[in-house]
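Heads up: the structure comes next, in structure tokens.
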Amino acid sequence: MNAADSSEDALYRTRHSLAHVLAQAVLDMRPGTTLGFGPPIADGFYYDFILSEPITEDDFPALEQRMRRILKKGQRFYREDLPVADAFARLDEMHEPYKREYAAELVDKNSLPSLSFYRNGPFLDMCEGPHVDTTRDIPRDAFKLRSVAGAYWRGDADNVMMTRIYAWAFADKASLDAAVSAYELAQERDHKKLGRELDLFLIDDDVGRGLPLWLPHGTVIRDELEKLAVELEFKAGYERVATPHIAKADLYDRTGHLAHYKDSMYPPMEVIEESADGESVRETYMLRPMNCPHHHKIYASRLRSYRDLPLRLAEYGDVYRWEASGAVSGLARVRGMSMNDAHIYCTEDQVKDVFKEVISQYDEAYRILGLNDYGIRLSRWDPDDPKGREKYVDAPEAWRRTEQIIAELLAEMNIDYEDAPGEAAFYGPKIDVQFHTVTGRDETVSTVQLDFAVPPRLGLTYVGPDGAEHTPYCVHRAPFSTHERFTAFLIEHFGGAFPTWLAPVQVQVLTVSAQFGAYAREIVDRLRGRFVRAELASESDTVSKKVRDGTTRKIPNLLIVGEREVADRTVTLRRYGVKQQTTMPLDTFEAALGKTIAMRSLTFEL
RNA sequence: GCUCACAUAGCUCAGUCGGUAGAGCACUUCCUUGGUAAGGAAGAGGUCAUCGGUUCGAAUCCGAUUGUGAGCACCA
């Protein structure tokens with residue numbers, strides 16, 4: 001074990017032991033409380049309780065004080081291994097039904113002969129360890145209770161909801177302070193906050209929860225992303241289609257959406273239509289939760305040959321999903337969204353190449369945006385999931401086969417991935433790209449999915465070289481996710497300071513005094529004539545005020561013009577976040593700006 | 001959906017013990033034409049989320065509803 005490992009290990013022990021100290025303090029403060037789990041996590045630890053009396057964040061100072069007192073006491077951690085029967089008896093005696101339930105399962109699954117307990121002071125917990133030697137080994141100023149939240153026992157919504165207390169914990173005070181201030185800084189980049197400050201989007205109760213209204217500045221970002229996506233797709237041979245936002249319920253019955261996805265769909269719309277013979281016919285329409293059925297119908301509209309494959313149909317399609325009320329949040333999780341969708345129909349032999357082609361397009365998109373903090377997840381079905389038949393198409397052999405194809409191609413591409421059973425789409429396995437957001441969450445952004453289930457249900461076929469009909473696979477992909485989630489992610493990634501090509505206002509021209517307005521307006525007109533989003537700052541403010549406003553609005557390029565600039569036909573460029581300014585001929589600036597935008601550069605290309 | 005918290009002007013927030021609301025920014029008008037992060041003055045702007053209860057009297061106390069936030073579950 002090297003030094004880094006052992007310090008990691010020490011921190012793990014500290015966090016784990018602090019969890020026990022928290023539990024001891026909570027039991028002391030709220031006698032009769034029942035314990036759940038209390039593990040260390042990335043930046044600290046948590047412990048789950050069923051509290052005899054509620055605890056709120058107002059109780060944190062008192063709780064922390066109790067914890068510090070325990071640390072000061074120097075309680076020694078003792079490990080004790082009990083034969084299974086004794087362990088069960090002890091847990092019964094402790095009135096810890098949840099620990100008892102878990103113990104039984106542990107023993108059952110791993111056929112354990114004994115279970116370990118740790119005791120420190122009056123506190124006893126079934127636990128694998130390891131722990132510190134004594135609570136005096138834990139620094140008293142390097143932890144901080146963070147929040148109280150609900151969490152289901154064993155992460156299952158069918159179970160009881162416990163109260164979870166989260167805490168930060170580090171090796172020393174400096175690390176704790178650094179983590180807390182990093183967290184507070186990240187909160188400043190929250191897309192909901194920046195979205196309001198930068199006038200990007202709006203959510204209005206009269207329209208509905210999770211149904212954002214894109215303001216002019218937000219729409220610029222949306223349009224620029226879409227333009228980029230359309231260009232990348234054009235180069236890769238995608239053909240664009242456009243399809244309606246609703247379809248008859250029967251279509252979703254046939255695709256399997258009603259069987260597996262109904263809870264995520266808005267309820268049906270009933271209408272009365274008149275048939276050809278004058279009869280009234282009830283018809284049911286539904287808002288679409290996915291674009292694929294519509295695209296499948298386009299595929300099915302004519303006889304396809306293997307020579308046509310892969311066939312790539314693309315659409316930035318609007319879809320609607322009835323997301324759980326508690327899940328809806330800003331632009332990151334919405335109920336109406338515009339998806340960077342495409343469906344690639346191909347033969348089984350082509351699947352790997354199609355995936356590889358798609359993944360290389362993802363790389364290209366991420367390179368342009370400067371994104372590199374992400375992990376790859378292979379999302380599979382979970383054969384052990386008792387709810388498997390509700391969640392997934394029941395076709396074990398097809399799952400096995402398609403999951404293997406994806407695992408193989410990931411190996412061939414030397415891509416490390418996290419294996420995630422139970423995260424598949426209902427119609428097939430997928431590769432999810434999990435981005436780490438600056439606000440500390442992991443979020444699925446892009447996805448590539450292999451659909452073996454729906455094409456046969458809708459009778460999609462192609463004629464193979466053998467003259468017989470075969471069923472194609474369908475690869476669903478969405479590198480830019482949805483406009484909503486992707487924009488939320490980018491707002492936080494760039495902290496609202498977008499690169500010039502994406503910025504809602506690319507250039508703002510500020511005059512030193514109104515008498516230079518004619519030159520400033522000439523610059524704005526010239527730039528706008530070249531489709532640059534340029535605007536003139538208010539003429540009645542002071543230069544300082546204009547600089548401040550432009551900076552607060554995170555405009556990437558401020559151009560200052562005064563007497564000198566007018567005389568020399570130059571501009572003084574003040575880049576966002578850059579103190580040093582550059583004065584250059586207007587023509588030079590214009591050419592450099594054109595290049596910066598055309599290349600979608602993250603910096604300014606002089 | 002679940003647990004907890006929160007809801008005052010467009011935004012950020014004060015509002016003490018229950019006595020019918022205040023600031024800064026933004027907005028409008030006027031003055032100021034100023035070389036790098038807030039020039040000055042005046043004005044307008046509120047059914048204190050909604051509904052109900054307690055009270056002589058509710059932004060304030062209680063309940064319900066709606067919405068928002070954190071987390072869980074679910075997910076692009």
Side-chain angles (χ1 to χ4, degrees), chain A residues 46 48-51 54-58 146-166 187 190 192-193 196-197 199 202-206 208-210 261 263-264 289-290 319 321-335 337-341 379 387 391 422-423 425 430 432-435 439-441 443-447 449 476-486 488-489 510-517 539-553 558 560-565 572 574 579 581 583:
Chain A
Y46 67 77
D48 289 341
F49 307 96
I50 295 187
L51 295 164
I55 279 181
T56 69
E57 294 184 15
D58 295 340
R146 176 177 175 167
S147 61
V148 39
Y152 296 109
W153 167 240
R154 312 287 309 269
D156 185 337
D158 291 337
N159 289 341
V160 67
M161 174 147 293
M162 299 183 146
T163 303
R164 175 171 297 178
I165 298 179
Y166 279 100
Q187 297 313 300
D190 183 288
K192 298 184 287 294
K193 179 175 155 70
R196 190 168 47 241
E197 288 170 2
D199 290 320
L202 169 77
I203 292 168
D204 185 296
D205 283 353
D206 289 338
R209 181 185 247 177
Y261 208 75
D263 290 347
S264 297
M290 297 185 189
V319 299
R321 296 183 182 178
W322 188 253
E323 297 293 333
S325 58
V328 172
S329 171
L331 285 183
R333 195 73 181 275
V334 294
R335 284 179 171 168
M337 69 210 89
S338 202
M339 186 172 288
N340 172 222
D341 220 347
S379 298
K387 297 177 198 158
K391 279 170 77 177
E423 298 288 345
K430 54 180 179 153
D432 290 321
V433 184
Q434 301 295 111
F435 275 88
T439 42
R441 280 188 287 273
E443 203 142 43
T444 305
V445 175
S446 317
T447 176
Q449 315 177 339
H476 307 230
R477 44 104 276 177
F480 290 84
S481 183
T482 60
H483 274 318
E484 289 72 20
R485 181 171 290 182
F486 205 58
F489 176 75
L510 332 182
T511 54
V512 168
S513 139
Q515 57 183 297
F516 312 113
E539 300 208 307
S540 65
D541 288 319
T542 58
V543 180
S544 286
K545 181 66 189 302
K546 284 184 272 199
V547 168
R548 182 186 150 84
D549 285 351
T551 307
T552 311
R553 293 172 62 199
L558 301 182
I560 293 108
V561 297
E563 194 176 358
R564 297 194 293 270
E565 286 79 4
T572 294
R574 178 173 169 134
K579 270 274 137 65
Q581 303 182 152
T583 299

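Per chain, numbering begins at 1; letters A, B, ... match sequence-line order. These numbers were taken from a predicted model, which means no experiment stands behind them.
The same atom, C1', is picked in G22(B) and in C48(B); the two are 12 Å apart, to the nearest Å. Taking atom P on both A70(B) and A37(B), the two are 34 Å apart, rounded to the nearest angstrom. Between U8(B) and U50(B), the two C1' atoms lie 15 Å apart (nearest whole Å). A distance of about 23 Å separates the P atoms of C6(B) and G10(B), rounded to the whole Å. Spacing of P atoms, A59(B) relative to A7(B), comes out at 15 Å, to the nearest Å. The P atoms of G40(B) and G1(B) are separated by 49 Å, rounded to the nearest whole Å. The same atom, C1', is picked in U60(B) and in U54(B); the two are 13 Å apart, to the nearest Å. Spacing between G19(B) and U28(B) at atom C1', rounded to whole Å, works out to 35 Å.
Of all nucleotides present, none satisfies the Watson-Crick or G-U wobble test against G35(B) with each distance under 3.5 Å. Across all strands shown, G71(B) forms a Watson-Crick or G-U wobble pair with C2(B), both key distances being under 3.5 Å. Under the Watson-Crick or G-U wobble criterion, with both distances below 3.5 Å, A59(B) is left unpaired in every strand shown. Under the Watson-Crick or G-U wobble criterion, with both distances below 3.5 Å, U54(B) is left unpaired in every strand shown. Under the Watson-Crick or G-U wobble criterion, with both distances below 3.5 Å, U29(B) is paired with A41(B). With both pairing distances under 3.5 Å, A76(B) is matched to nothing as a Watson-Crick or G-U wobble pair. Pairing for C17(B) is absent, with no Watson-Crick or G-U wobble pair whose two atom distances lie under 3.5 Å. Nucleotide A9(B) forms no Watson-Crick or G-U wobble pair with any nucleotide shown, as no partner meets the under 3.5 Å limit on both distances.
Residues Asp432(A) and Ser379(A) have side chains that bring a donor and an acceptor to within less than 3.5 angstrom of each other. Side-chain contact of Thr482(A) with Ser338(A): a donor-acceptor pair under 3.5 Å is absent, judged by distance alone. Side-chain contact annotation: Tyr46(A) with Arg146(A), donor-acceptor N/O pair under 3.5 Å absent.
OP1 or OP2 of A26(B) has at least one side-chain nitrogen or oxygen of Lys545(A) nearer than 4.0 Å. Residue Arg209(A) places at least one side-chain N or O closer than 4.0 Å to OP1 or OP2 of U68(B). Applying the 4.0 Å criterion to OP1 and OP2 of A76(B), one finds that Thr447(A) has every side-chain N and O outside that range. Under 4.0 angstrom from either OP1 or OP2 of A76(B) there lies at least one side-chain N or O belonging to Lys430(A). Of the side-chain N and O atoms in Arg441(A), one or more sit less than 4.0 angstrom from OP1 or OP2 of G71(B). Taking side-chain N and O atoms only, Arg196(A) has a distance below 4.0 Å to OP1 or OP2 of U12(B). Close to C72(B), at under 4.0 Å from its OP1 or OP2, lies a side-chain N or O of Tyr166(A).
Ile560(A) places its CD1 atom 14 Å from the C1' atom of G34(B), with the value rounded to the nearest Å. When the P atom of G71(B) is taken as reference, atom CH2 of Trp153(A) falls 22 Å away, rounded to whole Å. Straight-line distance from the CZ atom of Arg333(A) to the P atom of G71(B): 13 Å, rounded to whole Å. Rounded to whole Å, atom C1' of C11(B) lies 15 Å from atom CZ of Arg553(A). Protein atom NZ of Lys579(A) is 8 Å distant from nucleotide atom C1' of A37(B), rounded to whole Å.
Ranking U36(B), U3(B), G1(B) by closeness to the Ser325(A) side chain, first place goes to G1(B). Of the listed nucleotides (C72(B), G69(B), G34(B)), G69(B) has the atom at the smallest distance from the side chain of Lys192(A). Proximity note for Ala157(A) (side chain, C-beta onward) versus A73(B), A76(B), G34(B): the nearest is A73(B). Comparing A37(B), U3(B), G35(B) against the side chain of Arg574(A) picks out A37(B) as the nearest. For Val547(A), counting side-chain heavy atoms from C-beta on, the closest listed nucleotide (G34(B), U36(B), A76(B)) is U36(B). The side chain of Thr572(A) has G35(B) as its nearest neighbour among A37(B), G35(B), A73(B). If you check A37(B), U36(B), C72(B) against the side chain of Val543(A), the one that comes closest is U36(B).
With hydrogens and angles left out, the side chain of Glu565(A) and the base of G35(B) share a donor-acceptor pair within 3.5 Å. With hydrogens and angles left out, the side chain of Thr482(A) and the base of A76(B) share a donor-acceptor pair within 3.5 Å. For Glu539(A) against U33(B), a side-chain-to-base donor-acceptor contact under 3.5 Å is absent. Judged by distance alone with a 3.5 Å cut-off, no donor-acceptor contact links the side chain of Arg321(A) to the base of C74(B). For Gln449(A) against A76(B), a side-chain-to-base donor-acceptor contact under 3.5 Å is absent. Donor-acceptor pairing under 3.5 Å, judged by distance alone, is present between the side chain of Tyr152(A) and the base of G1(B).
Heavy atoms from other residues, nucleotides or ligands lying under 6.0 Å from CD of Glu563(A) number 12 at most.
Among the atoms of the strands shown, none is found under 4.0 Å from any heavy atom of Ala478(A). Looking at heavy-atom distances under 4.0 Å, Asn340(A) makes no contact with the nucleic acid at all. Residue-level contact check: Thr542(A) touches the bases, meaning some heavy atom is under 4.0 Å from a base atom. At a threshold of 4.0 angstrom between heavy atoms, the contacts of Thr511(A) with the nucleic acid are absent. Note on Gln581(A): a base of the nucleic acid sits closer than 4.0 angstrom, heavy atoms only. Using a 4.0 Å heavy-atom distance criterion, Gly550(A) is classed as making no nucleic acid contact. As judged by a 4.0 angstrom heavy-atom cut-off over every strand, Arg485(A) is placed among the base-contacting residues. Contact annotation for Glu563(A): base contact, defined as any heavy-atom pair under 4.0 Å involving a base atom. Across all strands shown, Val319(A) has no heavy atoms under 4.0 Å from either base or sugar-phosphate atoms.
Comparing Gln434(A) and Met162(A) along RNA chain B, the residue whose closest nucleotide (by nearest heavy atom) sits nearer the 5' end is Met162(A). For the pair Ser481(A) and Ser544(A), both in contact range of RNA chain B, the more 5′-proximal nearest nucleotide belongs to Ser544(A).
A salt bridge does not link Lys546(A) with Asp541(A): every distance from a Lys NZ or Arg NE/NH1/NH2 to an Asp or Glu carboxylate oxygen is 4.0 Å or more. The pair Asp156(A)-Arg154(A) does not meet the salt-bridge criterion, since no charged nitrogen lies less than 4.0 angstrom from a carboxylate oxygen. A salt bridge is absent between Arg335(A) and Glu323(A); no separation between the charged side-chain nitrogens and carboxylate oxygens falls under 4.0 Å.
Considering only heavy atoms from C-beta on, Tyr166(A) comes within 4.5 Å of Ser147(A) through its side chain.
Side-chain N or O atoms of Arg574(A) include none that pairs as donor or acceptor with a backbone N or O of Gln581(A) at under 3.5 Å.
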Decide side-chain contact (heavy atoms from CB on, under 4.5 Å) for Asn340(A) and Arg477(A); before the verdict, give the C-alpha distance in whole Å, the side-chain angles of both, and the deciding distance to 0.1 Å.
CA-CA 8 Å; Asn340(A) 172 222; Arg477(A) 44 104 276 177; 3.6 Å; yes
